[in-house]
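Keep in mind that the numbers below use all heavy atoms, side chains included, and drop hydrogens, waters and symmetry copies. Just so it is clear, the structure is predicted and the values come from calculations on it, not from any experiment.
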Amino acid sequence: MLNTRDVSDRRILAAARELKSLRKNQYTIRQLEVPYQRGWRRSYVLGERSKEREDRPILEAILQIIGSTIIRPDRRFQGRKRRTRKLCEISQPLRPISNNEWIYKNYPCSWLRYFRYELRLERNNHWQPYWIFDQALIYQLKISRNMIHEVREIDPAVERRIGELDRWFELHQAWRRYSQLRGQRQSWHWRGADSPKQKLTNKRHRREIANAYEIFPEVDPAASVRRVPTSLRPTFFLPA
């Protein structure tokens, strides 16, 4: 027998499923008969010398993963750093592949000869392993017109229904209950790497390491490594 709470939970789950389905069909893609240009795009392509290589299919497959594209309103591809007025070229390096991504997407082991293993410091002050493409000169940047071939049209009926469901979730405070039904944690405390407490902890750790080097200097390599039995018990000397 269902109680009031069970009926409410089923209603929340049904509304969430409907909202997820509507957001997938929120836009309708329509192909344009006459495409038009909107700005310029700069992306990586295979160099002229590399097109004659025997491993060209492998290089093209790798480029689809590590390549990047920048779209700008003009052909200069320049920007200002912070608040300075000086224009600088926008950097566009090849994307590194994390070790977790390599394992999860199961990239071929034959690609490893094109990459090198490197540790990089993340924003959370943790070192993470990455695979860096080691032959960047194989690819080159190319500037081309950014042509628009399709547009997304919004369905007014779908947009109206999405607004109704969003308001229903907010009025009934159903988002919190929905996250509980999905098994998500409701209370957590995020301690970022840039928090004052974390900075103070890192400073204390660096000071302790520096003091340890001063108090316990490195052992001379020529010193004996024979173990000497020691005891931490206090020793008392009786007067003669």
Side-chain angles (χ1 to χ4, degrees), residues 15-98 100-102 104-108 111 114-115 120 122-123 130-170 175:
R17 285 194 297 267
E18 182 182 359
L19 184 61
K20 184 178 180 180
S21 176
L22 290 174
R23 284 178 175 172
K24 288 183 178 180
N25 304 323
Q26 185 176 2
Y27 302 102
T28 302
I29 298 177
R30 180 173 62 86
Q31 298 292 333
L32 297 177
E33 297 181 358
V34 180
Y36 64 94
Q37 179 185 359
R38 179 181 292 177
W40 299 82
R41 62 187 303 158
R42 188 176 67 177
S43 57
Y44 280 95
V45 295
L46 199 62
E48 295 295 334
R49 295 182 179 180
S50 304
K51 291 182 179 180
E52 300 178 358
R53 296 179 49 157
E54 297 180 357
D55 56 350
R56 177 180 176 179
I58 299 178
L59 296 176
E60 292 178 348
I62 295 176
L63 181 59
Q64 295 180 0
I65 299 173
I66 65 175
S68 59
T69 302
I70 297 179
I71 299 175
R72 299 286 292 179
D74 50 24
R75 295 175 59 95
R76 291 185 297 178
F77 289 91
Q78 295 179 348
R80 293 182 174 87
K81 289 186 177 181
R82 298 181 180 178
R83 298 183 180 180
T84 60
R85 295 184 178 180
K86 183 179 179 180
L87 292 175
C88 303
E89 187 72 16
I90 298 176
S91 61
Q92 190 176 351
L94 294 172
R95 188 180 70 88
I97 303 178
S98 64
N100 294 334
E101 178 186 352
W102 193 290
Y104 178 74
K105 294 190 177 181
N106 195 18
Y107 293 136
W111 291 5
Y114 299 98
F115 293 83
R120 290 195 172 187
E122 299 288 345
R123 296 184 60 182
Y130 280 89
W131 293 98
I132 312 298
F133 192 75
D134 201 18
Q135 304 177 19
L137 297 179
I138 294 178
Y139 305 119
Q140 61 183 9
L141 290 172
K142 180 181 179 181
I143 299 176
S144 59
R145 300 175 184 270
N146 184 36
M147 305 301 296
I148 306 299
H149 298 273
E150 58 186 21
V151 294
R152 296 190 303 176
E153 296 181 349
I154 300 177
D155 191 348
V158 175
E159 192 73 14
R160 190 183 310 109
R161 181 56 180 168
I162 290 176
E164 294 176 356
L165 291 175
D166 285 334
R167 287 192 298 270
W168 184 85
F169 271 93
E170 293 177 0
W175 286 120

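A distance of 12.5 Å separates CZ in R160 from CD1 in I154, rounded to the nearest 0.5 Å. The NZ atom of K24 sits 11.5 Å away from the CG atom of L22 when rounded to the nearest 0.5 Å. In this structure, the separation between CZ on R72 and CD1 on I143 is 11.5 Å, given to the nearest 0.5 Å. Rounded to the nearest 0.5 angstrom, L46 CG and E52 CD are separated by 11.0 Å. If you take CD on Q135 and CG on L59, they are separated by 7.5 Å, rounding to the nearest 0.5 Å. In this structure, CD1 in I90 is found 8.0 Å from CD in Q78, a value given to the nearest 0.5 Å.
Residues E18 and L165 meet the side-chain proximity criterion, which asks for heavy atoms closer than 4.5 Å. Counting heavy atoms from C-beta on, the side chains of T69 and Y44 never come closer than 4.5 Å. Counting heavy atoms from C-beta outward, L137 and R49 have side chains that stay 4.5 Å or more apart. Taking the side chain as every heavy atom from C-beta outward, R161 and L19 never approach each other to under 4.5 Å. Put simply, the side chain of R95 does not reach to within 4.5 Å of the side chain of S68, judged on heavy atoms. At a threshold of 4.5 Å between non-hydrogen side-chain atoms, the residues Y139 and I66 count as touching. The closest side-chain heavy-atom distance from R41 to I70 is not below 4.5 Å. Considering only heavy atoms from C-beta on, E150 stays 4.5 Å or farther from R30 through its side chain.
With hydrogens and angles ignored, the 3.5 Å screen pairs a side-chain donor or acceptor of N146 with a backbone N or O of R38. A donor-acceptor pair is defined here as one N or O able to donate and one able to accept, closer than 3.5 Å; no such pair exists between the side chain of Q92 and the backbone of L94.
A cation-pi arrangement is present between R42 and F77 under the rule of less than 6.0 angstrom and at most 45 degrees off the ring axis. Cation-pi geometry between R75 and W40 is met: the NZ or CZ atom falls under 6.0 Å from the ring centre, inside 45° of the normal.
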- [ ] Test salt bridge (charged side-chain N to carboxylate O under 4.0 Å, His left out) on R23 and D166 and set out the steps.
- [x] CA-CA 12 Å; R23 284 178 175 172; D166 285 334; 3.3 Å; yes
Task: side chain to side chain contact (heavy atoms under 4.5 Å, CB included) between I65 and Y107, intermediate numbers included - done: CA-CA 10 Å; I65 299 173; Y107 293 136; 3.4 Å; yes
TODO: I would like to know whether L87 and R76 meet side chain to side chain contact (heavy atoms under 4.5 Å, CB included); could you show each step before the answer?
DONE: CA-CA 10 Å; L87 292 175; R76 291 185 297 178; 4.2 Å; yes
Task: Residues D155, Q26; criterion side chain to side chain contact (heavy atoms under 4.5 Å, CB included); working and verdict - done: CA-CA 6 Å; D155 191 348; Q26 185 176 2; over 6 Å; no
- [ ] Check the pair R56 / E60 against salt bridge (charged side-chain N to carboxylate O under 4.0 Å, His left out), numbers first and verdict last.
- [x] CA-CA 6 Å; R56 177 180 176 179; E60 292 178 348; 2.8 Å; yes
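By the 6.0 Å contact criterion, CD on Q37 is enclosed, its count of non-hydrogen atoms from other residues, nucleotides or ligands being greater than 12.
Smallest separation of non-hydrogen atoms from F169 and A16: CZ-N, 3.7 Å. In terms of heavy-atom proximity, Y130 sits nearest to P96 at CD2-CB, 4.0 Å.
One finds a salt bridge joining K51 and E48 here, because a Lys/Arg side-chain nitrogen approaches an Asp/Glu carboxylate oxygen to under 4.0 Å. Ion pairing between a basic and an acidic side chain is recognised when a charged N comes within 4.0 Å of a carboxylate O; E170 and R167 show no such pairing.
Checked by atom type, the side-chain pair Y114/D55 shows a donor-acceptor distance below 3.5 Å.
Aromatic rings of F115 and W102 (six-membered ring for Trp) have centroids within the 6.0 Å cut-off, being under it.
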